[in-house]
Amino acid sequence: MTTTRDDSPTASRGVDVGVDPWVEVTMVDGSRAVYGLRGLLADAHRIASLAVASPPAECALMRLLYALGLRVSGLEEISGPDRYELLEQGRFDPDLVEGYFARHEGRFGLFDPVRPWMQEPRLPSQMDTVVKSGRRAGQVDRRTSGIGKLVVSRASASSSAWFGAFHDGAPVPVPAADAVLHLLTWLWWGQGGPQGPARKTAGHSGRHAAVGPLRGLVSYHPTGRTLYETIVMGIPDTEVTDADRDVAPWEAGLPDPDGDLPGVAGPVSLLTGRAQHALLLVPSEDRQVAEDVYVAWAWPSALPPVMDPYLNWLEGTKGQQYAQRAKVDRALFRDVDGLLVHRPPGSARRRPLIMDAIHDAPVEVLDHVGVAAYGFEQDRERAGGERGWYRAVTPAVLRLIRDEEAANAGRLAAVRERVELCADRLGWAVDSVWQETAVPAGGGRADRSPLGERALAAYWPLAESAFWLLVERRDWESAVTVFGQLALGVYDQMTREIADGHDPRTVRAVVRHRGKVASTLPRKDKAATTAAVTDGEAG
């Protein structure tokens with residue numbers, strides 16, 4: 001792995017996320033490298049993609065890169081012509097990149113004692129102490145949260161140790177590169193509710209924070225052939241309403257938590273200023289690792305809602321807009337038509353606003369652009385409830401968002417609906433067989449049988465591979481038979497396990513309910529499969 005350094009970290013300065021390497025990437029030539037933020041922008045045209053191990057942290061980092069990309073482009077906001085001019089330019093101007101980081105030198109120190117990057121340096125003097133009662137009366141707890149609180153995969157306080165033998169009694173420091181990723185994850189995906197000791201300011205005292213802006217949600221981003229294309233395609237076309245307030249945290253003074261809640265004044269404040277949590281990393285003596293952390297509320301109440309440009313928006317029964325929730329077991333291709341079609345017929349879904357911003361991009365660019373989905377399935381209403389995170393990427397399908405491709409986008413939506421229909425019939429049929437043959441009398445009915453869960457788990461990967469192949473070939477007609485045949489194959493495989501004993505009742509149930517899946521096929525294919533089953537049973 002190649003490590004790209006602008007200069008080496010020193011003990012006195014500590015880690016500088018602007019110049020010191022901490023972000024893993026895949027280069028266009030397939031090699032691996034590690035960059036700081038300045039290097040990412042300067043070499044974005046040579047980098048294929050980020051290779052960050054944590055999808056939530058990568059998603060947060062992409063939002064920061066959009067803001068930085070806009071800044072080093074020399075623009076305050078971006079329009080269609082600006083975007084396409086940047087794409088033709090092919091790289092960020094190295095002088096503009098150098099100039100930006102020179103102007104903000106000293107603002108990217110991760111452990112800087114005065115202005116640590118993306119952190120709140122006033123927390124040590126604002127955090128309350130906790131005096132224990134009972135057996136530990138008179139003992140004062142530390143005002144920090146413990147390093148386990150920072151790392152999502154570690155246990156903290158009395159939480160269960162699911163991912164390793166971590167506990168607060170034997171804290172394990174976190175290397176700076178990992179600490180940055182955990183910091184970003186907290187700022188965008190952090191849990192709501194009590195955060196530990198209370199934070200006291202002149203106007204507010206409390207322990208509770210609102211949930212992070214992306215908690216429990218899935219975020220969709222265009223992906224190009226290089227990181228440069230990905231950044232330029234992903235910059236939102238949000239209008240600047242107040243240039244003085246449209247700033248990133250490292251460009252401004254410390255926020256006033258007792259003042260007015262910050263609103264969105266343009267794309268940079270939208271991308272970087274929506275955190276609901278305030279954190280401060282406590283470094284080691286040499287300022288190379290994080291040994292502890294303060295976690296508290298950033299604002300006494302939730303920030304005003306905004307239409308995030310990377311979320312897929314649904315409409316409730318009363319017309320309210322809400323973002324699509326993340327589900328670790330839901331394949332990305334099942335939502336792809338909702339990302340491409342502005343408002344699918346008969347659907348309350350509204351595609352992410354970033355798709356509107358780039359829908360008329362040059363076809364020679366869109367021919368190579370896909371979609372990356374970053375999801376973290378979490379409970380938004382309470383602490384904990386983290387089921388898992390994921391990153392999924394489509395092939396290059398964004399050509400279909402162009403107006404002249406509306407017909408093909410509609411056909412793709414129809415194919416996706418066929419996939420879902422066959423999955424529903426497969427689950428229905430397998431569950432019906434299970435209920436008739438494997439459930440004891442009076443045992444009740446489950447929403448999904450164990451065999452039905454296995455059947456769908458086998459079907460979805462097969463369906464996804466077939467789906468992308470049909471889309472690549474624009475072979476829309478084959479969808480009528482392909483997915484029904486896949487579902488039938490899975491049905492036969494799963495039911496064979498319980499029919500091999502040749503119990504007549506079981507065999508009859510398998511044959512009878514097979515028709516629920518076969519009904520998805522055209523008449524001639526359905527007749528052929530029925531005949532094959534009949535011949536097999538006769539044999």
Side-chain angles (χ1 to χ4, degrees), residues 220 222-224 312 314 324 330-352 354-356 358-373 392-429 455-456 458-492 515-530:
Y220 298 97
T223 59
N312 213 7
L314 307 178
Q324 181 180 343
R330 183 177 178 86
L332 173 56
F333 83 98
R334 299 175 65 184
D335 299 311
V336 70
D337 56 308
L339 306 177
L340 302 176
V341 182
H342 177 67
R343 190 179 288 274
S347 171
R349 185 185 301 273
R350 195 207 188 287
R351 71 184 181 191
I354 191 61
M355 304 303 173
D356 294 349
I358 64 172
H359 81 281
D360 59 349
V363 68
E364 60 269 21
V365 174
L366 287 180
D367 268 344
H368 304 282
V369 179
V371 180
V393 183
T394 74
V397 295
L398 281 193
R399 177 180 180 140
L400 296 179
I401 68 175
R402 292 180 63 88
D403 292 339
E404 59 265 33
E405 291 278 3
N408 279 331
R411 295 184 184 106
L412 178 143
V415 171
R416 196 270 308 161
E417 290 171 359
R418 170 63 59 168
V419 176
E420 299 280 357
L421 172 65
C422 294
D424 288 343
R425 297 292 177 84
L426 171 63
W428 180 28
L456 291 177
Y459 169 79
W460 284 121
L462 299 174
E464 182 171 15
S465 298
F467 178 87
W468 291 124
L469 184 61
L470 295 184
V471 172
E472 179 184 357
R473 296 175 177 175
R474 300 290 196 270
D475 185 9
W476 315 114
E477 291 76 16
S478 295
V480 177
T481 59
V482 166
F483 300 105
Q485 291 170 344
L486 286 177
L488 273 175
V490 172
Y491 178 88
D492 291 340
K516 295 174 179 176
V517 186
S519 65
T520 63
L521 294 169
R523 186 178 299 274
K524 61 182 181 65
D525 296 308
K526 181 163 55 178
T529 57
T530 301

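Computed from a prediction, not measured in an experiment: that's the story for all the values here.
- Listed by first and then second residue, the salt bridge (charged side-chain N to carboxylate O under 4.0 Å, His left out) pairs involving residues 393-416 are Asp337-Arg416, Asp367-Arg399, Arg399-Glu405, Arg402-Glu404 (not counting sequence neighbours).
- In terms of heavy-atom proximity, Gly338 sits nearest to Pro352 at O-CD, 4.5 Å.
- When all heavy atoms of Ile358 and Pro222 are compared, the pair lying nearest together is CD1-CG, 3.8 Å.
- Legend: residues meeting ring-ring contact (aromatic ring centres under 6.0 Å, His included) with Phe467, ordered by chain and number and at least two apart, are Phe333.
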Carefully, step by step, assess Leu488 and Leu521 under the rule side chain to side chain contact (heavy atoms under 4.5 Å, CB included).
CA-CA 10 Å; Leu488 273 175; Leu521 294 169; 3.3 Å; yes

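- Here Thr520 contributes atom OG1 and Asp424 contributes atom CG; the two are 11.0 Å apart, rounded to the nearest 0.5 Å.
- A heavy-atom distance below 4.5 Å is not found between the side chains of Leu486 and Cys422.
- Applying the side chain to side chain donor-acceptor pair (under 3.5 Å) rule to Ser465 yields no partners; only residues at least two apart in sequence or on another chain are considered.
- Put simply, the side chain of Arg418 does not reach to within 4.5 Å of the side chain of Val482, judged on heavy atoms.
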Pair Leu366, Ile401 - check side chain to side chain contact (heavy atoms under 4.5 Å, CB included), show working.
CA-CA 9 Å; Leu366 287 180; Ile401 68 175; 4.3 Å; yes

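- Contact between Leu400 and Asn408 at its shortest, heavy atoms only, is CD2-CB, 3.7 Å.
- Counting only heavy atoms from C-beta outward, the side chains of Ile354 and Tyr220 never approach each other to under 4.5 Å.
- For Phe483, the ring-ring contact (aromatic ring centres under 6.0 Å, His included) criterion is met by no residue, not counting sequence neighbours.
- The minimum heavy-atom distance linking Val517 with Ala487 is given by the pair CG1-CB, 3.6 Å.
- Using a 4.5 Å cut-off on side-chain heavy atoms (C-beta onward), Trp460 and Arg334 make contact.
- Judged by distance alone, with hydrogens and angles left aside, the side-chain atoms of Thr394 form no donor-acceptor pair with the main-chain N or O of Gly370 at under 3.5 Å.
- Considering only heavy atoms from C-beta on, Arg473 stays 4.5 Å or farther from Val471 through its side chain.
- Within the model, atoms CZ of Arg350 and CG of Asn312 stand 10.0 Å from one another, a figure rounded to the nearest 0.5 Å.
- Between Gly427 and Leu456 the shortest heavy-atom distance is N-CD2, 4.3 Å.
- With sequence neighbours left out, the side chain to side chain donor-acceptor pair (under 3.5 Å) criterion links Tyr491 to no other residue.
- To the nearest 0.5 Å, atom CG of residue Leu412 and atom CD of residue Glu417 are 10.0 Å apart.
- For the salt bridge (charged side-chain N to carboxylate O under 4.0 Å, His left out) test, no residue two or more places apart in sequence or in another chain qualifies with Glu472.
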